[in-house]
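Reading through the structure tokens given below for one structure.
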Amino acid sequence: AQKVTQAQTEISVVEKEDVTLDCVYETRDTTYYLFWYKQPPSGELVFLIRRNSFDEQNEISGRYSWNFQKSTSSFNFTITASQVVDSAVYFCALIPNTGGFKTIFGAGTRLFVKA
Amino acid sequence: DTAVSQTPKYLVTQMGNDKSIKCEQNLGHDTMYWYKQDSKKFLKIMFSYNNKELIINETVPNRFSPKSPDKAHLNLHINSLELGDSAVYFCASSRPLAGSYNEQFFGPGTRLTVL
């Protein structure tokens, strides 16, 4: 099976807390691509990061960081010192190399950041 | 400059009607997609075109028909609308790299309400 599991349906934190959004994926392919997208309350979907299966380097971009671990098939997303503007639905997504252009999205995690 | 645009943004119509949603991208991308997002925020791919050729055609009712007049446009026509078609429909585009897959850029979405 090829799928993405985001087990956390909703997370609520207080501003300045750190929060980690979990993403576990399944694929038979040895080459694949992982993504995170953000959907704020305004509704648009915004690309955050792309990772290839052969690049396990973690990435940091400002308050955002991503931890890719092939051994556990996970691609987790951490927001440090969360802010109210981080409130959104976050989607993890997978494109297996043999899947053509088909992106498999997780169900999303809704993050509430309270002031 | 809008990268991926959709019209209309909101569409309210009666059951049984036929309606179209238009999508245009000015990013020079070769691949375009239609997604349906239901009330629980679940994103499901419906169709994808690469260089005007249909490459993904998921299990959707044949009342839904995509049309790509050129690489920059992908329209979605829906016949005999049903209550269950109410959702947000997103158009997206991407530029695939040779042997790789890039992130997608999404339009603002069209909220379809069938009464």
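Here is how names work: the chains are called A, B, and so on, in the same order as the sequence lines, proteins then strands, and each is numbered from 1.
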Chain A contact via B:Phe90 - side chain, backbone, both or neither, heavy atoms under 4.5 Å: side chain
Within the 3.5 Å criterion, strictly below it, is a donor on A:Asp18 or A:Thr80 matched to an acceptor on the partner's side chain? no
Tell me, side chain or backbone of A:Phe105 under 4.5 Å from chain B's heavy atoms, or both, or neither? both
Would you mind checking which part of B:Leu43 comes under 4.5 Å of any heavy atom in chain A, side chain (CB onward), backbone (N, CA, C, O), both or neither? both
Check whether A:Tyr32 gets within reach of chain B through its side chain, its backbone, both or neither, counting any heavy atom under 4.5 Å. neither
Heavy-atom cut-off 4.5 Å, strictly under: side chain, backbone, both or neither for B:Gln104 against chain A? both
Just to verify, which of A:Thr103, A:Thr30, A:Asp29 counts as forming a side chain to side chain contact (heavy atoms under 4.5 Å, CB included) with A:Pro96? A:Asp29
Under 3.5 Å, is there a donor-acceptor pair between the A:Thr20 and A:Thr78 side chains? yes
Can you tell which part of A:Ile95 gets under 4.5 Å to a heavy atom of chain B, answering side chain, backbone, both or neither? side chain
Under 3.5 Å, is there a donor on one side chain and an acceptor on the other for B:Thr31 and B:Asn50? yes
Side chains of B:Gln37 and A:Gln39, donor plus acceptor under 3.5 Å: yes
